[in-house]
Amino acid sequence: MVATFCLRLAAGLMLMLPILPSAQIPPRFFRVQFLTALGLLAVTALFVSEVANSTFWMLFAVAVLGCLIGSIAWHLDGAPGGSWMLGLTPLAVTACMVSGGLVQRGDADWPLFIADDVFSALVLGSATTAMLMGHSYLISPAMSITPLMRLFGALAGSVMLRIGLACFGLWWWTSSTSPSSLGTDVMFWLPARWLLGFIASLVLGWMAWETARIRATQSATGILYVVVIVCFLGELTSMLLLERTGFVL
């Protein structure tokens, strides 16, 4: 579970980079994103060493190299090659995440599980990147509000995609499972997953968006801290439910 979560978060952080206007954001923001993803990949390696295959390690090496080069490029004046890394590294890290998911869960129902990985990565990445972007306004208060508003849009879209997948999983689960076979732990975690991961994240995200519209970026960042927490809890609960039921909920 730790490896899956780290891969999803690393991929999500990288997938947010192409939608951001790099000319309006300080280079250190991109450097931090690459270094954070690199650290998450390092943690992943500790937990998948016994089950990973050669395909995963090849993609893992490419993803690590992309994050390393990206962090160096955005540390140099003019960020030579930095724009290329904003487009290529997300692809490498996402491929590594998909491969890692297949290694840990097998090939059964792989389209659904790949969608689970990608949509979860988008939720985690958009929430975390928005929170980190909010911190950039503490250092550069005159920076354009456009990058943060784009991330709010990405967060809303990601949560809606996640809700759609969860609704499909819930329908599939309830149509193929007898109510008498459901454990009390499942019935406890399922409402918590929907309340925290979906309802709370949307409501709090809307509050942060309204706050950012009036350029109260410090307040918006404070709300985004809570958004990150509920998104993390929601996705972790989803992983527990998947392990318990075999369905994406």
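- Considering all non-hydrogen atoms of both residues, M85 and P90 come closest at O-CD, 3.6 Å.
- When atom types are taken as modelled, the side chain of R215 and the backbone of P141 share a donor-acceptor pair closer than 3.5 angstrom.
- Exactly one residue among L13, T129, L9, L41 makes a side-chain contact (heavy atoms from CB on, under 4.5 Å) with T36. That residue is L13.
- S126 and L151 get closest at one heavy-atom pair: CB-O, 4.4 Å.
- Side-chain contact check for V48 versus V103: every heavy-atom pair is 4.5 Å or farther apart.
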Can you give each donor-acceptor pair under 3.5 Å made by side-chain atoms of residues 113-124, sequence neighbours left out, with the distance rounded to 0.1 Å?
{"from": "D116", "atom 1": "OD1", "to": "R162", "atom 2": "NH1", "distance (Å)": "2.8"}
{"from": "D116", "atom 1": "OD1", "to": "R162", "atom 2": "NH2", "distance (Å)": "2.8"}
{"from": "D116", "atom 1": "OD2", "to": "R8", "atom 2": "NH2", "distance (Å)": "2.9"}
{"from": "D117", "atom 1": "OD1", "to": "R8", "atom 2": "NE", "distance (Å)": "2.9"}
{"from": "D117", "atom 1": "OD1", "to": "R8", "atom 2": "NH2", "distance (Å)": "2.9"}
{"from": "D117", "atom 1": "OD1", "to": "R105", "atom 2": "NH2", "distance (Å)": "3.3"}
{"from": "D117", "atom 1": "OD2", "to": "R105", "atom 2": "NH2", "distance (Å)": "2.7"}
{"from": "S120", "atom 1": "OG", "to": "R8", "atom 2": "NH1", "distance (Å)": "3.2"}
{"from": "S120", "atom 1": "OG", "to": "E235", "atom 2": "OE1", "distance (Å)": "2.8"}

task: Kindly indicate, with the supporting measurements, whether the criterion side chain to side chain contact (heavy atoms under 4.5 Å, CB included) is fulfilled by I163 and L202.
output: CA-CA 11 Å; I163 291 175; L202 286 176; 3.9 Å; yes
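- With a 4.5 Å cut-off on side-chain heavy atoms, I69 and T89 do not count as touching.
- Ring planes of W171 and F168: tilted class, angle from 30 to 60°.
- The environment of CD in Q24 is crowded: more than 12 heavy-atom neighbours from other residues, nucleotides or ligands sit within 6.0 Å.
- Distance check: L68 CG to F34 CZ gives 10.5 Å after rounding to the nearest 0.5 Å.
- If you take CZ on F30 and CD1 on I25, they are separated by 4.0 Å, rounding to the nearest 0.5 Å.
- Shown here for G81 and A73, the closest heavy-atom pair between the two residues is C-CB, 4.5 Å.
- Nearest heavy-atom pair across A130 and L224 is O-CD1, 3.4 Å.
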field: Verdict with supporting geometry, L86 and L20, side chain to side chain contact (heavy atoms under 4.5 Å, CB included)
entry: CA-CA 9 Å; L86 294 182; L20 298 176; over 6 Å; no
- prompt: Taking it one step at a time, do L132 and Q33 satisfy side chain to side chain contact (heavy atoms under 4.5 Å, CB included)?
  reply: CA-CA 9 Å; L132 295 173; Q33 289 285 104; 3.1 Å; yes
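- Within the 4.5 Å cutoff, side-chain heavy atoms of I145 are placed close to those of T217.
- Note that CH2 of W57 is 10.5 Å distant from OG of S99, once rounded to the nearest 0.5 Å.
- Considering NE2 of H135 and CD of Q218, their distance stands at 10.5 Å, rounded to 0.5 Å.
- When all heavy atoms are compared, the tightest approach of F47 to A3 is CB-CB, 3.9 Å.
- Inter-residue side-chain proximity for V62 and C96 is flagged as unmet; no heavy-atom pair is nearer than 4.5 Å.
- Relative orientation of the W194 and F198 rings is perpendicular, given thresholds of 30° and 60° on the angle between their planes.
- Contact between T211 and S219 at its shortest, heavy atoms only, is CG2-CB, 3.5 Å.
- Tracing side-chain contacts under 4.5 Å through hydrophobic residues (I, L, V, M, F, W, Y), one never reaches W84 starting from V64; they form parts of separate clusters.
- Atom CG of L165 sits about 13.0 Å away from atom CE of M160, to the nearest 0.5 Å.
- A continuous path of ILVMFWY side-chain contacts below 4.5 Å connects L236 to L195, so both sit in one hydrophobic cluster.
- Residues L88 and M14 are members of separate hydrophobic clusters, defined by side-chain heavy-atom contacts under 4.5 angstrom among Ile, Leu, Val, Met, Phe, Trp and Tyr.
- Distance alone, capped at 3.5 Å, places no donor-acceptor pair between the S238 side chain and the G234 backbone.
- If you chain together hydrophobic residues whose side chains sit under 4.5 Å apart, M58 and F56 never meet in one group.
- Grouping the Ile, Leu, Val, Met, Phe, Trp and Tyr side chains by contacts below 4.5 angstrom, directly or via other members, places Y137 apart from I139.
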query: Yes or no on side chain to side chain contact (heavy atoms under 4.5 Å, CB included) for V248 and W172, after CA distance, side-chain angles and deciding distance?
result: CA-CA 9 Å; V248 178; W172 190 7; over 6 Å; no
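- Annotation: the span from L17 atom CG to W74 atom CH2 amounts to 9.0 Å, rounded to 0.5 Å.
- Residues forming a side-chain hydrogen bond (donor to acceptor under 3.5 Å, both in side chains) with E210 (at least two apart in sequence, or on another chain): W206, R213.
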